[in-house]
Amino acid sequence: MADRAGAPPRAWQRMLSGRRLDLLDPSPLDIEITDIAHGLARVARWNGQTSGDHAFSVAQHSLLVEAIYSACCPGITPDGQLAALLHDAPEYVIGDMISPFKAVVGGGYKDCELRLQRAIHLRFSLPAEIAAGLRKEIKKADQIAAYFEATVIAGFSIAEATQFFGRPRGISANSFDLASKPAKKVQERFLARFHAIENLRRA
């Protein structure tokens with residue numbers, strides 16, 4: 001529906017930083033890490049169907065994926081760690097759509113997500129398209145994180161989680177903190193980890 005008679009639909013979102021991000025043509029110049037941290041800390045994983053007093057947020061998931069990537073992958077680099085931390089960053093704008101619904105919606109969602117991901121990478125001096133090997137390593141860490149979340153906080157049986165995400169070997173959920181945290185605390189942790197990685201990149 002148009003915003004007013006004869007006007008095209010609004011395709012931008014105003015961020016708390018004051019930036020106005022165009023979803024059809026996102027500019028790296030309109031992306032701020034504070035907006036990403038704020039948004040991701042308030043987007044729930046698993047449509048909120050997790051145990052605990054707080055939603056397990058996408059920001060907390062992103063921290064988990066980066067920690068798993070850093071623990072499991074040989075020859076890690078600060079660029080790789082940043083790519084892992086930002087692997088779901090477009091969800092600060094478009095939310096966390098669960099996989100079954102992505103399958104229903106189809107390609108339009110993925111196109112928007114890809115445009116945002118490229119702009120985010122460019123904003124933080126990463127390649128618009130990260131290398132296939134790094135993408136595979138981050139995906140593996142993402143699948144491990146999903147298995148841990150599914151079995152520890154989202155009510156999946158081991159058999160169900162193994163079927164959908166594969167069962168991790170040589171790594172335990174006990175090595176990581178999966179207790180859901182308040183949004184503000186997770187936002188602060190996300191920003192702190194981002195700045196720590198940025199310091200490594202500049203070293």
Side-chain angles (χ1 to χ4, degrees), residues 36-74 76 80-114 116-117 130 132-190 192-194:
I36 292 174
H38 182 94
L40 294 185
R42 289 159 177 79
V43 175
R45 288 272 290 170
W46 308 96
N47 265 359
Q49 297 299 309
T50 53
S51 58
D53 293 334
H54 306 279
F56 190 88
S57 69
V58 174
Q60 199 165 351
H61 165 76
S62 299
L63 287 162
L64 177 61
V65 169
E66 191 273 317
I68 293 170
Y69 165 77
S70 295
C72 293
C73 296
I76 62 169
Q81 290 173 301
L82 184 60
L85 185 68
L86 297 176
H87 79 284
D88 275 342
E91 294 178 8
Y92 90 104
V93 181
I94 58 180
D96 181 29
M97 189 180 294
I98 59 173
S99 296
F101 195 51
K102 285 182 184 179
V104 173
V105 171
Y109 174 89
K110 295 301 293 181
D111 291 343
C112 181
E113 184 178 47
L114 183 58
L116 287 164
Q117 189 72 71
I130 61 174
L134 175 57
R135 189 164 60 247
K136 183 177 180 181
E137 289 175 339
I138 293 172
K139 183 63 177 178
K140 179 180 178 182
D142 192 24
Q143 292 289 98
I144 293 171
Y147 177 91
F148 288 163
E149 293 167 17
T151 53
V152 175
I153 60 173
F156 281 58
S157 68
I158 288 175
E160 282 180 319
T162 300
Q163 176 185 353
F164 294 116
F165 310 113
R167 189 167 185 178
R169 302 295 179 186
I171 186 170
S172 168
N174 295 331
S175 303
F176 304 95
D177 183 5
L178 277 90
S180 59
K181 302 288 194 304
K184 188 67 173 178
K185 178 177 284 189
V186 176
Q187 179 179 343
E188 291 168 353
R189 286 180 55 198
F190 185 95
R193 185 58 185 152
F194 170 83

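What you find for Ile138 and Val65 is that their closest heavy atoms are O-CG1, 4.3 Å. In terms of heavy-atom proximity, Pro182 sits nearest to His54 at CG-NE2, 3.6 Å. Of all non-hydrogen atoms in Ser157 and Thr151, the two that sit nearest each other are O-CG2, 4.2 Å. Contact detail for Gln60 and Asp177: the closest heavy-atom pair is NE2-O, 4.2 Å. Contact between Ile68 and Ile171 at its shortest, heavy atoms only, is CG2-CD1, 4.1 Å. Summarising the geometry of Ser180 relative to Ala55, their closest heavy-atom pair is CB-O, 3.9 Å, with the distance given to 0.1 Å.
For Ser70, the side chain to side chain donor-acceptor pair (under 3.5 Å) criterion is met by Glu66, Gln81, not counting sequence neighbours.
Here the straight-line distance linking atom OG of Ser57 with atom CD of Glu91 works out to 11.0 Å at 0.5 Å rounding. Note that CZ of Arg167 and CD of Gln143 are 15.5 Å apart. Values are rounded to the nearest 0.5 Å.
Gln117 contributes a side-chain N or O that, together with a main-chain N or O of Leu86, makes up a donor-acceptor pair within less than 3.5 Å. Side-chain atoms of Arg135 come within 3.5 Å of backbone N or O of Ile130 as a donor-acceptor pair.
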Test side chain to side chain contact (heavy atoms under 4.5 Å, CB included) applied to Thr50 and Glu149, step by step
CA-CA 9 Å; Thr50 53; Glu149 293 167 17; over 6 Å; no
Could you check Glu137 against Lys140 for salt bridge (Lys or Arg N to Asp or Glu O under 4.0 Å), going step by step and ending with a plain yes or no?
CA-CA 5 Å; Glu137 289 175 339; Lys140 179 180 178 182; over 6 Å; no
Check the pair Asp142 / His61 against side chain to side chain contact (heavy atoms under 4.5 Å, CB included), numbers first and verdict last.
CA-CA 9 Å; Asp142 192 24; His61 165 76; 2.9 Å; yes
Kindly determine whether Tyr69 and Leu134 satisfy side chain to side chain contact (heavy atoms under 4.5 Å, CB included), including the steps that lead there.
CA-CA 10 Å; Tyr69 165 77; Leu134 175 57; 3.5 Å; yes
One pair to check against side chain to side chain contact (heavy atoms under 4.5 Å, CB included): His87 and Ser62. What are the steps and the verdict?
CA-CA 7 Å; His87 79 284; Ser62 299; 4.2 Å; yes
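Counting heavy atoms from C-beta on, the side chains of Phe190 and Leu85 come closer than 4.5 Å. Between Arg45 and Ile153, every side-chain heavy-atom pair lies at or beyond the 4.5 Å cut-off.
The aromatic rings of Trp46 and Phe165 sit perpendicular to each other, their planes meeting at more than 60°, with 30° as the lower class boundary.
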